[in-house]
Amino acid sequence: MMLIPTHHFRDIERKPEYLQPEKCAPPPYPGPAGTMWFIRDGCGIACAIVTWFLVLYAEFVVLFVMLIPSRDYVYSIINGILFNLLAFLALASHCRAMLTDPGAVPKGNATKEFIESLQLKPGQVVYKCPKCCSIKPDRAHHCSVCKRCIRKMDHHCPWVNNCVGENNQKYFVLFTMYIALISLHALIMVGFHFLHCFEEDWTTHGLTREGTAEARISQEKTQPLTVSSTECSYFSPPTTVILLILLCFEGLLFLIFTSVMFGTQVHSICTDETGIEQLKKEERRWAKKTKWMNLKAVFGHPFSLGWASPFATPDHGKADPSQYVV
């Protein structure tokens, strides 16, 4: 069996007649500057809505099943603030990853006039994407969903309804990190809730109305400051158990998935090799840099709390020759 060279399609693009600039024309109505980036993909929109629904479901269970009914106000306030902060940062990161241009190449710019304006030197090679008719920069790949070439495209993620590329990789990494953290936090709180309240809920609701009243009076006499078992949840025991089990399943599933994705993205950033480049085993044609410089190129320069904020737009680092690896 004959092996196809890694850059087979790139080699085809080296042929001058492949560009065919006369067949390309710029879009008749280019979008105005500052237009919001949004991919109109049914599957991606549905996945994004499901993502928000699952986070809001976890918010509902954590607040109305575990925290608000509890009389341990310190426990409820601390965990409520922490969980809501993580959920807010996760959803904000999701919005930034979804609504940020990932690094789209101008569509339809492979025209004769544009190629002439590049003032290419003899023997210099440019690549054209036959699908979106654009001059493709190095390390750019075409996305069939976005219908554009994306600079440093890692992959197209339906959960954020967008490509993960040069301009929004930071927000995607933060999204996976915060989802993993709130999933872990929710699982820990569910464990405490089952440990302290589950058995008491079933015992209390199994008593008669008179027995429940007597149990309350007896408990108040012996331990007046102890939380009443009926305050562990506003819902009946079967409903509480079902809600908590669903939250456990959701939290465990997303904890595993987003943790793996977070680790994969950090490894990809540190090695300065996108997921597509790793999959295609493309030959490295760009300068090798240190891991720290690669991280700054994605999260911004210098290191600060802005790295963890989805509202801080990275400047993609500064070129420091001393950090290049020879």
Side-chain angles (χ1 to χ4, degrees), residues 4-41 43-44 96-120 124-173 265 268-269 272-287 294 297-298 313-314 316:
I4 300 176
T6 306
H7 301 293
H8 175 69
F9 298 104
R10 288 281 188 178
D11 293 337
I12 293 177
E13 294 175 358
R14 292 177 184 272
K15 298 179 181 180
E17 62 272 14
Y18 184 80
L19 286 177
Q20 297 178 335
E22 65 279 359
K23 293 187 177 181
C24 287
Y29 302 105
T35 302
M36 184 180 68
W37 177 271
F38 183 76
I39 302 300
R40 294 174 177 83
D41 175 58
C43 177
R96 291 300 301 271
M98 180 171 59
L99 302 178
T100 299
D101 182 347
V105 178
K107 194 173 183 178
N109 67 349
T111 60
K112 183 177 180 180
E113 293 77 11
F114 181 77
I115 295 175
E116 290 177 351
S117 69
L118 296 177
Q119 297 179 350
L120 300 175
Q124 189 173 355
V125 178
V126 293
Y127 304 123
K128 169 200 164 186
C129 177
K131 297 178 181 179
C132 60
C133 208
S134 62
I135 296 298
K136 183 186 296 185
D138 195 24
R139 303 187 69 183
H141 295 84
H142 184 85
C143 175
S144 57
V145 180
C146 297
K147 296 179 175 59
R148 299 286 289 275
C149 283
I150 308 297
R151 294 190 302 272
K152 291 186 68 175
M153 174 182 170
D154 187 87
H155 68 287
H156 184 91
C157 179
W159 295 106
V160 297
N161 188 35
N162 201 1
C163 275
V164 178
E166 185 176 67
N167 294 341
N168 69 341
Q169 189 173 24
K170 170 191 173 179
Y171 310 126
F172 181 76
V173 173
Q265 287 294 303
S268 175
I269 293 171
D272 193 19
E273 193 174 18
T274 66
I276 291 181
E277 291 166 348
Q278 294 176 13
L279 185 64
K280 293 185 176 181
K281 298 181 179 179
E282 293 187 1
E283 180 184 354
R284 193 182 191 95
R285 302 179 303 280
W286 53 93
N294 290 330
V298 174
T313 302
H316 301 295

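The model shown is predicted, which means the values in this text are computed figures rather than measured ones.
- Among all heavy-atom pairs drawn from K128 and P130, the shortest one is O-CD, 3.4 Å.
- Here K170 contributes atom NZ and I269 contributes atom CD1; the two are 11.0 Å apart, rounded to the nearest 0.5 Å.
- Judged by distance alone, the side chains of N168 and W37 never bring a donor and an acceptor atom under 3.5 Å apart.
- Atom-to-atom distance recorded for C149:SG and K131:NZ is 9.0 Å, nearest 0.5 angstrom.
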List the steps and the verdict of side chain to side chain contact (heavy atoms under 4.5 Å, CB included) for R151 and R139. CA-CA 6 Å; R151 294 190 302 272; R139 303 187 69 183; over 6 Å; no

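- Remark: D272 engages K152 in a salt bridge, criterion side-chain N to carboxylate O under 4.0 Å.
- Salt bridge annotation for K147-D41: absent, with no cationic side-chain nitrogen under 4.0 angstrom from a carboxylate oxygen.
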Give the intermediate values and the outcome of side chain to side chain contact (heavy atoms under 4.5 Å, CB included) for residues N162 and C157. CA-CA 6 Å; N162 201 1; C157 179; over 6 Å; no

Could you please spell out the steps behind the side chain to side chain contact (heavy atoms under 4.5 Å, CB included) verdict for I135 and Y127? CA-CA 6 Å; I135 296 298; Y127 304 123; over 6 Å; no

Stepwise side chain to side chain contact (heavy atoms under 4.5 Å, CB included) test for H141 and E277: CA-CA 10 Å; H141 295 84; E277 291 166 348; 4.2 Å; yes

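- Side chain of S134 to backbone of C129: no donor-acceptor contact under 3.5 angstrom is found.
- With sequence neighbours excluded, the residues forming a side chain to side chain contact (heavy atoms under 4.5 Å, CB included) with Q265 are D154, H155, V164, Q169, F172, V173, M261, listed by chain and number.
- S268 places a side-chain heavy atom less than 4.5 Å from the side chain of Q278.
- Proximity of a side-chain donor or acceptor of E166 to a complementary backbone N or O of P102 within less than 3.5 Å is not detected.
- Expressed to the nearest 0.5 Å, how far SG of C146 lies from CZ of R40 amounts to 12.0 Å.
- In terms of heavy atoms, I150 sits closest to C143 at CG1-CB, 4.4 Å.
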